[in-house]
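Here's the structure we're looking at; comments come further down.
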Amino acid sequence: MSELQDSQKEAPLDFIRSIVHEEVEAGKNDGRVHTRFPPEPNGYLHLGHAKSICLNFGVADEFGGLCNLRLDDTNPVAEKTEYAEAIMEDVRWLGFDWEDRLCHASDYFDQLHEWAIQLIKSGKAYVCDLSAEEMRKKRGTLTEPGVKCCFRERSVEENLELFAKMRDGDFEDGSRTLRVKIDMSSPNLNMRDPVIYRIVHADHPKTGDKWKIYPSYDFAHGQSDSIEGITHSLCTLEFEDHRPLYNWFCENLGIHHPRQIEFARLNLNYVVMSKRKMLRLVEDGHVSGWSDPRMPTIQGLRRRGYTPESIRNFSEKVGVAKRDNMIDVALLEHCLRNDLNKKALRRMGVLRPLKVVIENYPKDQVEKLDAINNPEDPEAGSRTVPFSRELYIERDDFMEDPPKKFFRLGPGREVRLRYAYYITCTEVVKDGNGEVVELRCSYDPETKGGDSPDGRKVKGTLHWVSAPNALNAEVRLYDRLFSKENPEDGEDFTSNLNPDSLLTLSNCKLEPELARAESGESFQLERLGYFCLDSEDSSPENLVLNRTAPLRDSWAKLQKRN
RNA sequence: AGCCUGGUGGUGUAAUGGUAGCACAGAUGUUUUUGGUACAUCUAGUCGGGGUUCGAAUCCCUGCCGGGCUGCCA
């Protein structure tokens, strides 16, 4: 408890943790805290889910409680085991453990069915023969009350009989529903005799063909929480209007009553996060699939090179509140860099190669030079990089007519090649079009390792790769998927797609050490950014790199301004 | 239009009647064999109008603006 008070001083609790804290202090639920993450297995998890996962597992952990993973599988026409498996994989990858508490709403179908009968018997539920269309008409509108239908006064016996026939598959889909009798004139539309069971002749991934009727979300969710002994049912704002119904079921069924608390969902700029819109991107081929590295799905982020730690940290930093928000992707990138700066091994690679020949360096000589793996982490040790007469440097690192603050290579200029030597550009070789195709340089043998014994300074340090030892690679550079901060602004969000969200570079040059890189491993290409092997397309013969995020670049920023 | 809900720097989030703070972004500088990192400094905010109070982001009234709700989706 003192630990809690300490952390409370350091970081103030968000409104949900404050509520939980108060209730624990007050001894509610015997001081127990139990949450759950309840996705519907009808799609892939995204950053918004990550926030919810971190919140639910985080709150449980901080208060010494538990968090269940519950698949909310009440609608067999939309759900697939494929999705359920992907969900579990993603939650696990994010670093959370539900131990033996993998639950399914479908585990409770029998109990739910009994409760439905209980409601019928107490005159609180009835079978309704209205079609969806008719029901909509009778429900009223936002401003007008609904009207009671004639089926509302059916006898308990008739309701029981009809409901049994619904269950037995005697009726067609949509022909009847079981509704709960609340208040057709409630200003809250959810209370106007909501449907709690509908007829669906579809096999269920878990229960097979056992059921021809399935409970609605409202009838399943709160009760599932109740059965699992959940104390705090955290959900997003759009369920606020459902809370009275949630409470109604717990009260009228006389069962354990968790507290539903709603928070604002996460929005990220320059991307869309709704299932429907992401599906459209996939189906229309605007992205390569759900795991496209530009997608905000967990799978997309993972393939892009985002680490679980960075996403967890991001989820914490975005905070929890009830107001609508639009988070800047810069925060996500910050979290990534913050994590990888400490952990990623440094390597050298050249994206847009420019050949350099060191004229005074012996032909056929190859030196092994020591290079530090991570200046932020002495434990990471060092490696060796080959140096030879012919090298590649970045095209951007040379300018024939450099402006004032350009610290890199130019005719007659001296720069340092990282961990190697000082070199001076002596000649610029061009092709027929006046394009620079090669640089002739000289090196100073005294500066081996990158230091000059005479104390001579250079302004710039360049990354490079030895040409005869270079690995070829394809590198994919990603930018924001949409060019508009809020793509959903206009009529059709796809009109805001950023045509340059993916830039593929081939014939990139990498230092040989990268042949040992493994899928899932992140590394920094010095001065360029954080990268990883593409988990789907990279092979030892055909290296494919994804740029997770560029390094901060104050030179690029300066250039942009001018 | 009815109900629910929210409005604090550019963005996000604290402060719950007592000095408006933190993070990201932005700007400047120091250090640097990554124009990275680190460090330092700076910029910038309580939706408007009334009221209560010695004192209001916080309480009251009122206006304005945003979001959600009319699935047998969740």
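Every heavy atom of this structure was used, including side-chain atoms; hydrogens, water molecules and symmetry mates were not. Chain identifiers are assigned alphabetically (A, B, ...) following the order of the sequence lines, protein sequences preceding nucleic acid strands; residue numbering begins at 1 within each chain.
With centroids closer than 5.5 Å and planes inclined by less than 30 degrees as the test, Tyr217(A) and the base of A74(B) fail to qualify as a stacked pair.
Ring planes of Tyr443(A) and Phe387(A): tilted class, angle from 30 to 60°. Classification of the His221(A)-Tyr246(A) ring pair by plane angle, with boundaries at 30° and 60°, yields tilted. In this structure, Phe493(A) and Phe482(A) have tilted ring planes: the angle between them lies in the 30° to 60° band.
Shown here, G67(B) is classed anti by the O4'-C1'-N9-C4 or O4'-C1'-N1-C2 angle, which is more than 90° from 0.
Taking the six-membered ring for Trp and the full ring otherwise, the centers of Tyr126(A) and Phe151(A) sit at least 6.0 Å from each other. The distance between the ring centers of Phe163(A) and His113(A) falls below 6.0 angstrom. Aromatic ring centroids of Phe219(A) and Trp115(A) lie 6.0 Å or more apart. Taking the six-membered ring for Trp and the full ring otherwise, Tyr530(A) and Tyr306(A) have centroids separated by 6.0 Å or more.
Ranked by how close their nearest RNA chain B nucleotide is to the 5' end, Ser554(A) and Arg337(A) are led by Arg337(A). Between Asp328(A) and Lys322(A), the one whose closest nucleotide on RNA chain B sits nearer the 5' end is Lys322(A).
Of the residues in residues 236-248 of chain A, Glu238(A), Phe239(A), Glu240(A), Asp241(A), His242(A) come within less than 4.0 Å of RNA chain B through at least one heavy atom, sorted by number. Only Pro187(A), Leu189(A), listed by number, bring a heavy atom of residues 181-191 of chain A to less than 4.0 angstrom from any atom of RNA chain B.
None of Val415(A), Ile358(A), Thr424(A) except one satisfies the side chain to side chain contact (heavy atoms under 4.5 Å, CB included) rule with Cys441(A); the exception is Ile358(A).
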For RNA chain B, what string of dots and brackets results from 5' to 3' when Watson-Crick and G-U pairs need both distances under 3.5 Å, crossing pairs get [ ], and pairs with another strand get |?
.((((((..((((....[..)))).(((((.......)))))....(((((..]....))))))))))).....
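Atom CD of Glu488(A) and atom C1' of G67(B) are 13 Å apart (whole Å). Between Lys459(A) atom NZ and U31(B) atom P there is a gap of 11 Å when expressed in whole angstrom units. Taking atom CZ of residue Phe523(A) and atom P of nucleotide U34(B), one finds them 20 Å apart after rounding to whole Å.
Checking A14(B), C69(B), A74(B) against the side-chain heavy atoms of Arg323(A) singles out A14(B) as nearest.
Annotation: cation-pi geometry satisfied between Arg176(A) and Phe171(A) (NZ/CZ under 6.0 angstrom from ring centroid, within 45° of ring axis).
Counting any heavy atom pair closer than 4.0 Å across all strands shown, Glu262(A) reaches no nucleic acid atom. Ile372(A) comes within 4.0 angstrom of nothing in the nucleic acid, heavy atoms only. Backbone-only contact: Arg552(A) has heavy atoms under 4.0 Å from sugar-phosphate atoms and none from a base.
The main-chain N or O of Pro205(A) is never found under 3.5 Å from a side-chain atom of Asp73(A) such that the two would form a donor-acceptor pair.
Residues Met278(A) and Arg280(A) are not in side-chain contact: their nearest non-hydrogen atoms beyond the backbone lie 4.5 Å or more apart.
Under 3.5 Å, the side chain of Glu376(A) and the base of G36(B) form at least one donor-acceptor pair of N or O atoms.
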